[in-house]
> 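First the structure, which I've put down as structure tokens, then a few questions once you've had a look.
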Amino acid sequence: MENYKLSTGNVDEIRLDTLNSIYNPYSQRFIEKHLFNYHLPTSLLDIGCGHGHMTCYFAKQLVDVGRVTGQDNSESQILIAINRAKVQNLRNTAFEIGDISKPSSSVVKFSCTYSRFLLMHLSNKLEAISNTANLLDEDGISIFEEPCLSSQFCHPYFPEFYRANELTIQLGKASRLSYDSAVSLLEDISKFYYIDAIEISQPILDTSIKKQIILDSFLQIAPALINSRLTDDFEVKEITSKLSEFVLADSSFSGGLRVFHIKARLKNYRGLVGS
Ligand SMILES: C[S@@+](CC[C@H](N)C(=O)[O-])C[C@H]1O[C@@H](n2cnc3c(N)ncnc32)[C@H](O)[C@@H]1O
């Protein structure tokens, strides 16, 4: 869990709700066009499911057709996800604690795996992709959705916006993570999969509620930035104050995360074992 720099559980509820309201329409458009248009999976694993927003979306789409499992390595995330499915009376869901960095001992395979904003938080991406592939039926489909942080921009120009983004990328690098990994990710995924479809999306954050996610994300990683000596209290306060101004300014907007949506199928399932 030490690589995950953001908060978990109740502390991250509002930010993850906002994140889902911004990014779900783009994810769902990709999934409907490239997955559901072809077939409905009978079993789907949402890896790093967070608070289960997308898990519940899948469960609703697959009622009477398939079962959906949400997996996360954080118990506090899973508890919120369980509650979300319960409130919506979704009976075709299950949730489990699991770490995708480690090989699974389970023999259960899924006809589809899904992960969003997960691999960016892992230093051992290749193992995680290999472990994902090993959880898939031979003819199954994996969907990966990962961002490129360097594509963010804002208007009007606030240097602190770019500084916060640069600090975030540096924090990742200091922990052997790449928050800007979408391009190298294609190479990593191709070691195990054929890429069947790819699209790129980038929402515009143009309301205070949407822009607030930038400030909230920065505040969550600020202690790690200071601990890593990438910045100090003084600069954090300065950035926080300017980002607050940016969030509240009527006419300001920014680009959200540029997201790579990738649909992939296994190259050679048996070839993975022991290779
Ligand atoms: C940025 S959140 C995204 C949550 C969700 N996929 C979404 O898009 O709303 C990343 C999630 O991955 C989980 N996570 C981090 N490392 C993990 C690991 N090694 N195995 C499984 N989940 C992990 C975190 O606990 C967190 O809930």
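Computed from a prediction, not measured in an experiment: that's the story for all the values here. In each ligand, atom 1 is the first atom listed, and ligand 1 is the first ligand listed.
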> Give the atoms of ligand 1, by number and element, whose distance to some non-hydrogen atom of Q77 is under 4.0 Å.
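Matching atoms, with element in brackets: 25 (O), 26 (C), 27 (O).
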> Can you check whether I100 has an N/O within less than 3.5 Å of an N/O in ligand 1?
yes
> Suppose clustering is done on Ile, Leu, Val, Met, Phe, Trp and Tyr with side-chain heavy atoms closer than 4.5 Å. Which residues sit in the same group as Y114?
F30, I31, L35, F36, L40, L44, M54, Y57, F58, L62, V65, V68, I141, I143
> State the atoms of ligand 1, each with its element, that fall below the 4.0 Å cut-off from a heavy-atom position in S101.
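Numbered from 1, ligand 1 contributes 19 (N).
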> Report the part of S115 in contact with ligand 1, treating N, CA, C, O as backbone and CB onward as side chain, heavy atoms under 4.0 Å; options are side chain, backbone, both, neither.
neither
> Side-chain donor-acceptor pair under 3.5 Å between S201 and H261, yes or no?
yes
> Please confirm whether M54 approaches ligand 1 to less than 4.0 Å, judged on its heavy atoms.
no
> Ring centroid separation for F260 and F144, is it under 6.0 angstrom?
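No; F144 has its ring centre 6.0 Å or more from that of F260.
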> Please find the pair of heavy atoms, one from T8 and one from S74, that lie closest to each other, and give the distance.
CB-OG, 3.7 Å
> What are the atoms of ligand 1, with element, lying closer than 4.0 Å to any heavy atom of D99?
18 (C), 19 (N), 20 (N)
> Which residue from D17, L119, N73 reaches closest to atom 23 (C) of ligand 1 through any of its heavy atoms?
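Ranked by closest heavy atom to atom 23 (C) of ligand 1, first place is N73.
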> Please list, in number order, the atoms of ligand 1 under 4.0 Å from a heavy atom of N20.
9 (O)
> Regarding atom 13 (C) of ligand 1: of the candidates N124, D72, I80, which has the closest heavy atom?
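Heavy atom nearest to atom 13 (C) of ligand 1 belongs to D72.
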> Does I195, at its CD1 atom, have more than 12 non-hydrogen atoms belonging to other residues, nucleotides or ligands within less than 6.0 Å?
yes
> Between L118 and ligand 1, which part of the residue brings a heavy atom under 4.0 Å of the ligand: side chain, backbone, both or neither?
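Side chain only.
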> Evaluate H53 for polar contact with ligand 1, using N/O atom pairs at a separation under 3.5 Å.
no
> Which ligand 1 atoms are under 4.0 Å away from a heavy-atom of S74?
25 (O)
> Show which atoms of ligand 1 fall inside a sub-4.0 Å distance from at least one heavy-atom site of G50.
4 (C), 27 (O)
> Scan side-chain atoms only and decide if Q77 and H51 contain a donor-acceptor pair under the 3.5 Å cut-off.
yes
> Provide the number and element of each atom of ligand 1 under 4.0 Å from a heavy atom of H121.
1 (C)
> Considering only heavy atoms, does L122 approach ligand 1 within less than 4.0 Å through its side chain, its backbone, both, or neither?
side chain
> Got a sec, which residues hit side-chain hydrogen bond (donor to acceptor under 3.5 Å, both in side chains) with Q202, two or more places apart in sequence or on another chain?
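Q202: side-chain hydrogen bond (donor to acceptor under 3.5 Å, both in side chains) contacts with R258.
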> Below 4.0 Å from ligand 1: does a non-hydrogen atom of S27 turn up there or not?
no
> Check for me whether K267 meets the cation-pi criterion with Y193, that is, NZ or CZ under 6.0 Å from the six-membered ring centre and within 45 degrees of the ring axis.
no
> For ligand 1 and T8, I'd like to know whether there is a polar contact (N/O to N/O, distance under 3.5 Å).
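Among all N and O atoms of T8, none is under 3.5 Å from an N or O of ligand 1.
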> So is K210 actually on top of F253's ring, under 6.0 Å and inside 45° of the axis?
no
> Suppose I only count heavy atoms of G98 and a 4.0 Å limit; which atoms of ligand 1 are within that range?
20 (N), 21 (C)
> Does F161 have its ring centroid less than 6.0 Å away from the ring centroid of F153?
no
> Testing D196, T132, T113 for side chain to side chain donor-acceptor pair (under 3.5 Å) with S142, which one passes?
T113
